[in-house]
Amino acid sequence: MKTIQLRRYTLVDGEYDAFLAWWREWMPRVRPAAGFTIEFAYGLRETNEFVWAVSAEGDRDAFLAREGVYLASDARAEAFDGQPQRVAASDLRLVDDIG
């Protein structure tokens, strides 16, 4: 069993390319190291959006516990250190895998 989180962002105007460069540098390192799998990542340049999903083994409670550890981690802090706010709005939801 795995739990999947869909992450949808509207990016700050003018920050699309910088956000993608930062994301490509950091997320493939810090998320898997914290026990997550990146399921997919897509950018929508025309609407300044970024959509991606991460998963982790276990139920929703296990996912949320792992997410809490990740959010408080030194690795995540390092990834965000000195970065400007590039996400104007976000929508994070645990979703059902119906495939």
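Here, residue 1 is the first one in the sequence, and each next residue gets the next number.
At distances below 3.5 Å, at least one donor-acceptor pair connects side-chain atoms of T3 with backbone N or O atoms of G58. The backbone N or O of L11 lies less than 3.5 Å from a partner atom in the side chain of N48, making a donor-acceptor pair. Side-chain atoms of D96 never come within 3.5 Å of backbone atoms of I98 as a donor-acceptor pair (strictly under, hydrogens ignored).
A continuous path of hydrophobic side-chain contacts links L71 to Y9 [ILVMFWY only; heavy atoms under 4.5 Å]. Under the 4.5 Å side-chain heavy-atom criterion for Ile, Leu, Val, Met, Phe, Trp and Tyr, V30 and L20 are members of the same hydrophobic cluster.
In this structure, the ring of Y16 has its center no less than 6.0 angstrom from the ring center of F50.
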How far apart are the C-alpha atoms of M27 and I38, what are their side-chain angles, what is the distance that settles it, and do they pass the side-chain contact (heavy atoms from CB on, under 4.5 Å) test? CA-CA 8 Å; M27 290 303 105; I38 296 173; 4.3 Å; yes

Determine, stepwise, if the pair L64 / L94 fulfils side-chain contact (heavy atoms from CB on, under 4.5 Å). CA-CA 10 Å; L64 294 173; L94 297 178; 4.2 Å; yes

V51 and F40: side-chain contact (heavy atoms from CB on, under 4.5 Å), yes or no, with the steps? CA-CA 8 Å; V51 179; F40 63 80; 4.1 Å; yes

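Contact detail for G35 and A56: the closest heavy-atom pair is O-CB, 3.9 Å. The two atoms that bring W52 and V54 nearest to each other are CZ3-CG1, 3.2 Å, heavy atoms only. Between E57 and A62, the shortest heavy-atom distance links the atoms O-CB, 4.3 Å.
Salt bridge annotation for R45-D17: present, with a cationic side-chain nitrogen under 4.0 angstrom from a carboxylate oxygen. Between E49 and R7 there is no salt bridge, since no side-chain N of the basic residue sits under 4.0 Å from a carboxylate O of the acidic one.
Cation-pi geometry between R31 and F36 is met: the NZ or CZ atom falls under 6.0 Å from the ring centre, inside 45° of the normal. Figure legend: R24 and W22 shown without cation-pi pairing, the cationic atom not lying both under 6.0 angstrom from the six-membered ring centre and within 45 degrees of its axis.
With sequence neighbours excluded, the residues that form a side-chain contact (heavy atoms from CB on, under 4.5 Å) with S55 are K2, I4, T37, E39.
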Side-chain polar contacts of residues 72-82 - donor-acceptor pairs under 3.5 angstrom, sequence neighbours left out - could you list them?
residue, atom, partner, partner atom, Å
S73, OG, Y70, O, 2.8
S73, OG, R76, N, 3.1

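Proximity of Q5 to L92: side-chain heavy atoms (C-beta onward) are separated by under 4.5 Å at one or more points.
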